[in-house]
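Scope of the values below: all heavy atoms of this structure, side chains included, with no hydrogens, waters or symmetry mates. All chains are named by letter (A, B, ...) in the order of the sequence lines, taking the proteins before the strands, and each is independently numbered beginning at 1. Small disclaimer: the values here were computed from a predicted structure and weren't measured.
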Amino acid sequence: MKRKVKDIIAAALTRAHGAGVLPSPDFPPIEVEEPRIEAHGDFSTNIAMVMASIQKMAPRKIAEGIVGAIDALADPDGLVARTEIAGPGFINFFIAPAAWGPVLEQVHAAGDRYGASSMGGGRKAQVEFVSANPTGPLHVGHGRGAAVGDAVANILAFCGFDVQKEYYINDSGRQIRTLGRSVFLRYKQGLGQGQTFPDDCYQGEYIRELAAAIQEDKGDALLHESEDEAVAYCARRAAAEILSGIQADLKDFGVGFDRWFSEQDLVEEGKVDAAIAELKEKGTVYEKDDALWFRTTDYGDEKDRVVVRGNGQTTYFASDIAYHRDKFDRGFDRVIDVWGADHHGYIPRMSAGVQAMGVDRDRFQVILVHLVNLLRSGQPVAMSTRAGEFVTLREVVDEVGRDAARFLFLTRHYESPLDFDLELAKKKTNDNPVYYVQYVHARIASIFAKGEAMGATPAVRIEAPSPGLLTAAEEIALIKALSRYPEVVENSAALLEPHRLTYFLMSLATLFHAYYNKHRVLTDERDLSQARLYLALAVQSVIRNGLSLLGVSAPEKM
RNA sequence: GCGCCUGUAGCUCAGAUGGAUAGAGCAACGGACUUCUAAUCCGUAGGUCAGGGGUUCGAAUCCCUUCAGGCGUACCA
């Protein structure tokens with residue numbers, strides 16, 4: 001609808017210029033917004049004020065010229081019932097109530113694809129997210145990253161990008177060795193070789209469990225191997241087991257990946273060395289204090305960074321450069337990384353890496369997801385990663401359910417810290433937005449069940465009602481909201497902000513609940529009932545559509 | 001110290017690319033179930049958009065600055 005109003009304005013501008021009312025043919029982009037205040041109409045434009053200096057005319061005078069040019073030629077469908085010039089020069093548009101009808105037809109015609117766009121033009125985009133080290137189970141923070149990454153990927157795919165979802169496994173390097181050492185020490189303790197357990201080892205109970213499993217399997221065999229071999233064995237085995245746990249957790253959270261990318265493979269295939277060689281070739285590295293430094297300051301970083309340490313080992317950063325080299329080699333036009341906010345200092349460095357490889361900097365984007373504060377009835381739940389005491393994603397999902405967890409993770413902008421209250425997440429009331437939205441879907445399903453029992457024909461589902469039946473204020477408000485959906489989806493995609501969709505769904509739900517309480521869908525009048533069923537079905541479709549982009553189910557019954 | 005993020009109603013938060021009189025939920029108070037699911041709705045009340053400058057027809061939004069909080073600032077990952 002907004003699109004059509006823009007077209008009308010554009011036509012009016014041309015006509016006004018042709019009639020000599022507007023001296024200059026130089027028209028700025030037309031912006032149309034929906035005023036907050038109802039009295040200001042359904043849409044309004046500031047075009048007259050923006051053009052004032054170009055046309056060398058007073059804004060209100062220009063507005064008069066434009067309004068005068070809105071005639072049957074500019075508005076062939078007769079959408080505009082009335083216009084007015086207000087304030088410093090706004091033009092307000094009042095849409096004829098009957099003109100909203102076709103929006104519903106569009107919703108029904110497009111079905112599951114309503115709101116989809118070709119914005120991405122089939123370009124390849126990769127979203128890499130979660131990527132937690134396989135040194136321990138996923139916690140709630142990872143859950144938020146998973147919910148955000150998955151939703152962003154879904155939204156981009158819906159907007160015409162060819163999206164691939166990837167998980168990067170840090171299965172090489174020091175943390176994995178520490179994992180092996182931790183497990184081996186617990187293993188030795190289990191066999192009575194009790195030594196002190198260092199602070200820099202992983203403290204969690206799961207380490208003991210892994211050690212116990214190894215003991216059960218291998219007895220004391222590892223004690224007869226060299227320590228290096230034993231630690232390496234523990235590391236390999238523990239990492240594999242933890243990783244399969246992570247994979248199961250994500251699967252049960254409804255998050256799937258197209259590819260699990262191993263850092264170890266990257267190293268073994270020589271891609272890390274190749275990346276370093278490429279940097280050398282390009283002359284962006286230098287040696288200092290036995291180490292090899294990458295001149296990231298050339299790309300805006302605050303200091304240069306080491307890629308090869310004095311001891312000859314490559315850094316994590318070196319792997320990451322190689323990894324991103326590989327991503328772009330795989331043909332992605334856009335690479336989007338979802339990181340925990342504590343890694344924000346890493347962005348300039350990674351961006352430097354990408355640019356040094358000759359990739360345009362805006363093809364690489366990072367979404368920083370801020371932390372989750374876990375609460376229970378308003379009280380913080382003690383969490384200490386240090387002591388290995390943290391609440392896992394699985395525990396949370398088991399307690400509150402997958403839909404609640406996923407939806408609540410998306411109720412904030414990801415750069416805002418999120419309070420996640422376990423008790424609130426379980427509540428089945430107004431306080432809990434998940435059920436509030438899902439309830440609309442179930443309610444409408446229930447109306448249809450009732451309608452069929454009353455003998456409403458299936459035809460109501462596909463036939464557009466005759467115009468003029470859906471004129472209640474609540475009905476127009478619902479249709480307006482539905483007409484905004486495609487724009488909300490596009491904005492979500494353009495800004496990589498799924499919470500916009502979450503908020504849209506909550507406000508659509510509010511409108512429907514209000515409508516439901518005020519009007520009956522199933523009435524004695526057949527035509528009216530059909531019209532309202534047609535509207536209700538459109539609302540249900542958009543709710544389902546939006547929830548599915550967020551990875552949340554749309555139940556028929558609650 | 002430097003860098004990034006945040007600061008909007010008592011609480012939790014929306015307000016992309018500058019628009020008219022600042023938005024929602026919760027909490028508080030008062031109402032609505034013989035009805036298609038009350039997991040709902042309606043109403044009342046609540047504000048120096050952290051403070052101060054600037055840019056312009058117009059600023060929560062852009063710029064500068066002060067303050068407060070969070071995070072980062074490794075030859076760790």
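- Of the side-chain N and O atoms in A:Arg443, one or more sit less than 4.0 angstrom from OP1 or OP2 of B:A38.
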Task: Step-by-step side-chain contact (heavy atoms from CB on, under 4.5 Å) determination, A:Asp304 to A:Tyr286 - done: CA-CA 10 Å; A:Asp304 292 339; A:Tyr286 60 92; 2.7 Å; yes
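- Within 4.0 Å (heavy atoms only), A:Asn432 reaches no atom of the nucleic acid at all.
- Of the two residues near RNA chain B, A:Asn311 and A:Glu487, the one whose nearest nucleotide lies more 5' is A:Glu487.
- Residue A:Asp419 is in sugar-phosphate contact alone, with no base atom involved, counting any heavy-atom pair closer than 4.0 Å across all strands shown.
- Taking atom C1' on both nucleotides, B:G1 is separated from B:G46 by 42 Å, rounded to a whole Å.
- The side chain of A:Glu302 lies closest to B:G3 when the candidates are B:A14, B:G19, B:G3.
- Pair assignment for B:A68: B:U6, on the basis of Watson-Crick or G-U wobble contacts that are both within less than 3.5 Å.
- Between A:Arg500 and the phosphate of B:G15, there is a side-chain N or O to OP1/OP2 separation shorter than 4.0 Å.
- Within the 4.0 angstrom heavy-atom criterion, no nucleotide atom of any strand lies near A:Ala494.
- Two rings, from A:Tyr414 and A:Phe409, have their centers 6.0 Å or more apart.
- Of all nucleotides listed (B:U6, B:C75, B:C13), B:U6 comes nearest to the side chain of A:Glu415.
- Taking 3.5 Å as the limit, the base of B:A16 and the side chain of A:Asn491 contain a donor-acceptor pair of atoms between them.
- When heavy atoms are screened at a 4.0 angstrom cut-off, A:Asn92 is found touching base atoms of the nucleic acid.
- Stacking between A:His413 and B:G15 is absent: the ring centroid is not both under 5.5 Å from the six-membered base ring centre and under 30° in plane angle.
- Here A:Pro59 lies out of heavy-atom contact (under 4.0 Å) with every strand.
- Taking only side-chain atoms of A:Tyr436, from C-beta outward, the nucleotide of B:U40, B:C36, B:A20 with the closest atom is B:U40.
- Listed nucleotides B:C36, B:A39, B:G72 differ in distance to A:His344; the shortest reach to its side chain belongs to B:G72.
- Which of B:G19, B:C5, B:U40 sits closest to the side chain of A:Asn46 comes down to B:G19.
- Comparing the P positions of B:U55 and B:U44 gives an interatomic distance of 40 Å, to the nearest angstrom.
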- [ ] Would you sort out whether A:Ile321 and A:Phe294 count as a side-chain contact (heavy atoms from CB on, under 4.5 Å), showing the intermediate values?
- [x] CA-CA 11 Å; A:Ile321 294 170; A:Phe294 170 21; 3.8 Å; yes
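- B:A20 sits 32 Å from B:C29 when the C1' atoms are compared, rounded to a whole Å.
- Heavy atoms of A:Lys557 sit under 4.0 angstrom from at least one base atom.
- The base-pairing partner of B:A39, taking Watson-Crick or G-U wobble contacts with both distances under 3.5 Å, does not exist among the strands shown.
- Closest approach of A:Ala425 and A:Tyr435 over heavy atoms only: O-CE1, 3.9 Å.
- Residue contacts shown for A:His519 include a base, since a base heavy atom lies under 4.0 Å away.
- Side chain of A:His499, nearest nucleotide from B:C36, B:A20, B:G15: B:G15.
- Between B:C2 and B:U61, the distance separating the two C1' atoms is 27 Å to the nearest Å.
- For A:Lys450, counting side-chain heavy atoms from C-beta on, the closest listed nucleotide (B:A74, B:C71, B:C36) is B:C36.
- Atom CG in A:Asp342 sits about 13 Å away from atom C1' in B:U73, given to the nearest Å.
- No side-chain N or O of A:Tyr316 forms a donor-acceptor pair with one of A:Glu263 less than 3.5 Å apart.
- Heavy atoms of A:His513 sit under 4.0 angstrom from primed sugar atoms or phosphate atoms, though from no base atom.
- The side chain of A:Phe90 lies closest to B:A20, out of B:U73, B:A14, B:A20.
- Among the heavy atoms of the strands lying under 4.0 Å from A:Ala442 is at least one base atom, whether or not backbone atoms are also near.
- Within 90° of 0 lies the glycosidic angle of B:C33, which makes this nucleotide syn.
- With respect to A:His324, the ring-ring contact (aromatic ring centres under 6.0 Å, His included) criterion is satisfied by exactly one of A:Phe364, A:Phe261, A:Phe317, A:Tyr168: A:Phe364.
- Residue-level contact check: A:Arg520 touches the bases, meaning some heavy atom is under 4.0 Å from a base atom.
- If you check every strand for non-hydrogen atoms under 4.0 Å, A:Ala291 touches a base.
- When distances are taken from the side chain of A:Arg412 to each of B:A16, B:A77, B:A14, the shortest belongs to B:A14.
- Taking atom CZ on A:Arg305 and atom C1' on B:G72, their separation rounds to 10 Å, with Å as the unit.
- Below 30°, between 30° and 60°, or above 60°: for A:Tyr346 and A:His343 the angle between ring planes is above 60°, a perpendicular geometry.
- Nearest nucleotide to the A:Val50 side chain, out of B:A39, B:G19, B:C41: B:G19.
- A:Ser44 comes within contact range of at least one nucleobase, with a heavy-atom separation under 4.0 Å.
- Spacing of P atoms, B:A50 relative to B:A16, comes out at 15 Å, to the nearest Å.
- Both A:Glu263 and A:Ile91 lie close to RNA chain B; mapped to their nearest nucleotides by heavy-atom distance, the more 5′-ward contact belongs to A:Ile91.
- Nucleotides B:G70 and B:G43 are separated by 39 Å at their C1' atoms, to the nearest Å.
- For the C1' atoms, the distance linking B:A28 with B:U35 amounts to 31 Å, nearest Å.
- Below 30°, between 30° and 60°, or above 60°: for A:Tyr516 and A:Phe512 the angle between ring planes is between 30° and 60°, a tilted geometry.
- When the C1' atom is used for both B:G53 and B:U73, the distance is 31 Å, rounded to whole Å.
- Using a 4.0 Å cut-off, some side-chain N or O of A:Tyr516 falls inside it from OP1 or OP2 of B:A38.
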